[in-house]
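Heads up, the thing below is written out as structure tokens.
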There are 2 protein chains.
Amino acid sequence: MHLDEFDRKIIGALQEDARMPVAQVAERAALSATPVSRRIKRLEDEGVILGYQPVLDPRRLGFELDAYVLINLDGHSDDNISRFERAIHGNPYVIACHAVTGDMDYLVHVIARDVEHLSQITLKTLVRIPGVRDVKSIIVLETIKETRAMPLE
Amino acid sequence: MHLDEFDRKIIGALQEDARMPVAQVAERAALSATPVSRRIKRLEDEGVILGYQPVLDPRRLGFELDAYVLINLDGHSDDNISRFERAIHGNPYVIACHAVTGDMDYLVHVIARDVEHLSQITLKTLVRIPGVRDVKSIIVLETIKETRAMPLE
DNA sequence: TATGAAATAATATAGTT
DNA sequence: AACTATATTATTTCATA
């Protein structure tokens with residue numbers, strides 16, 4: 001699978017506005033609507049484009065706070081790991097979770113309505129997952145940049 | 001500004017698929033197409049919905065690696081800060097950057113093509129921004145969860 | 001002030017070359 | 001890949017609650 005210059009232009013346009021009319025995308029890619037329509041379909045089928053999402057303002061939905069929680073597991077038994085990961089998947093306030101290098105095992109990104117809510121998420125929910133040993137919170141003071149757009153060079 | 005149950009259902013449907021036809025969104029919200037179309041417009045105008053983006057598979061675009069870089073600034077002069085933040089905004093491999101609590105000043109999320117590229121981004125670019133003192137990299141081994149969908153309860 | 005139904009306008013897709 | 005025709009979808013209008 002290879003992306004040519006047309007595909008890149010199409011993806012670039014959609015990254016600006018995923019609901020941009022095909023004709024407009026076509027104009028930017030110097031193509032007509034038909035091949036653009038077909039290429040978008042192909043990119044979806046091939047799994048380059050996985051879906052489309054609205055970009056929402058967290059604050060307007062009541063999420064004023066944002067934190068990264070570093071977590072260590074007690075043992076690293078399969079049981080502990082799968083239980084932890086299940087808990088993560090089931091928690092709607094966890095918007096991202098990565099297994100990472102360094103002295104902590106996981107980096108978990110959470111959103112919260114306020115300080116109390118954040119405290120509830122970390123102290124009442126995350127630390128209480130069986131197998132969790134250590135938790136360190138990094139609270140976001142300010143978001144300097146947050147983009148989902150990927151470079152296409 | 002207040003979101004009612006209809007707005008929530010509409011946003012919920014769009015979070016599943018931002019290109020879902022209005023008629024289908026309407027069905028899920030138990031409304032007809034007309035008010036749904038207007039409500040979406042209103043949510044956009046009010047800044048609840050900021051835009052629409054494709055969800056892309058980073059790997060298919062050649063980004064195999066993913067890291068969080070913790071950064072300390074030397075002094076905290078306005079000059080240092082604004083220079084740093086300008087560099088962050090100008091770097092397309094930085095997909096997120098937050099000013100955070102704790103012993104590091106910033107948490108920077110970067111994507112990279114491979115280890116060499118990651119090294120280039122951190123050692124050749126980020127550490128060389130004037131004012132940057134200390135850099136610690138946390139490399140993502142596995143992404144357990146990554147959603148942009150916000151809870152709407 | 002907000003809805004639903006119908007009409008119109010815009011847009012996407014399929015067929016043909 | 002483009003052009004044209006068709007189908008799908010969005011939006012506007014209007015009557016109404």
Side-chain angles (χ1 to χ4, degrees), chain A residues 1-63 113 147-153, chain B residues 1-62 147-153:
Chain A
M1 180 220 51
H2 178 70
L3 301 180
D4 65 15
E5 207 42 51
F6 291 124
D7 294 322
R8 265 185 268 276
K9 291 240 176 77
I10 290 166
I11 294 169
L14 292 177
Q15 282 195 139
E16 276 178 33
D17 174 12
R19 310 232 291 191
M20 184 183 290
V22 173
Q24 209 173 315
V25 176
E27 199 178 330
R28 294 191 28 165
L31 273 173
S32 71
T34 311
V36 169
S37 186
R38 291 197 184 121
R39 277 167 182 265
I40 291 172
K41 180 90 172 44
R42 203 199 72 219
L43 292 166
E44 290 167 357
D45 291 343
E46 282 175 348
V48 178
I49 296 173
L50 300 169
Y52 302 91
Q53 285 202 335
V55 180
L56 303 171
D57 184 342
R59 287 170 186 261
R60 305 248 178 178
L61 292 171
F63 297 101
R113 304 207 164 277
T147 179
R148 287 140 216 197
M150 271 166 216
L152 302 168
E153 85 264 36
Chain B
M1 178 221 51
H2 177 72
L3 301 182
D4 65 15
E5 206 42 50
F6 290 125
D7 293 323
R8 265 185 270 274
K9 290 242 178 74
I10 290 166
I11 294 170
L14 293 177
Q15 282 195 140
E16 276 179 34
D17 175 11
R19 308 222 307 183
M20 184 184 288
V22 174
Q24 207 174 315
V25 177
E27 199 179 330
R28 294 189 30 162
L31 272 173
S32 71
T34 310
V36 169
S37 189
R38 288 204 189 109
R39 277 167 182 266
I40 291 173
K41 180 92 172 44
R42 203 199 72 219
L43 292 166
E44 290 166 358
D45 291 343
E46 282 174 347
V48 178
I49 296 173
L50 300 168
Y52 302 91
Q53 286 200 337
V55 179
L56 303 172
D57 183 342
R59 287 169 185 260
R60 305 249 178 176
L61 292 170
T147 178
R148 288 138 216 199
M150 272 166 215
L152 301 169
E153 84 267 32

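All values derive from a computational prediction rather than experimental measurement. No hydrogens, no waters, no symmetry mates; every other heavy atom, side chains included, goes into these values. Quick note on labels: first sequence line is chain A, next is B, and so on, each numbered from 1.
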Using modelled atom types and a 3.5 Å cut-off, is there a donor and acceptor pairing between side-chain atoms of A:Arg38 and backbone atoms of A:Ala33? no
Might you list the N or O atoms of the protein lying below 3.5 Å from N or O atoms in nucleotides 3-8 of chain D, with each pair's distance?
residue	atom	partner	partner atom	Å
D:dC3	N4	A:Thr34	OG1	2.6

Can a donor-acceptor pair be found, under 3.5 Å and without considering hydrogens, that links the side chain of B:Asp7 to the backbone of B:Asp4? yes
Between atom NZ in A:Lys41 and atom C1' in C:dT11, what is the gap in whole Å? 18 Å
Sequence neighbours excluded, the answer for side-chain hydrogen bond (donor to acceptor under 3.5 Å, both in side chains) partners of B:Glu16 is B:Arg28
Distance under 6.0 Å and angle within 45° of ring axis: A:Arg19 vs A:Tyr52: no
Length of the line joining A:Arg39:CZ and C:dA14:P, which is rounded to integer Å: 17 Å
Judged by atom type as modelled, is there a donor-acceptor pair below 3.5 Å linking the side chain of A:Gln15 to the main-chain atoms of A:Met150? yes
Grab the CD1-P distance between B:Ile40 and D:dT12 for me, whole Å please. 13 Å
One thing to verify: whether B:Glu46 and B:Arg39 come together as a salt bridge, which I'm taking to mean a side-chain N less than 4.0 angstrom from a carboxylate O. no
Can you measure A:Leu14 atom CG to C:dA12 atom P for me and round it to whole angstrom units? 11 Å
Mind calculating the distance between CD (A:Glu27) and P (C:dA10) to the nearest angstrom? 16 Å
What residues 16-26 of chain B contributes to the DNA chain D interface at heavy-atom separation below 4.0 Å is B:Pro21, B:Val22, B:Ala23
Would you mind reading off the distance between B:Asp45 atom CG and D:dT11 atom P, rounded to a whole angstrom? 12 Å
Spacing between B:Leu31 atom CG and D:dT11 atom P, to the nearest angstrom: 15 Å
Can A:Lys41 and A:Glu44 be counted as an ion pair, charged N to O under 4.0 angstrom? no
Non-hydrogen side-chain atoms of A:Ile49 and B:Leu56 separated by less than 4.5 Å: yes
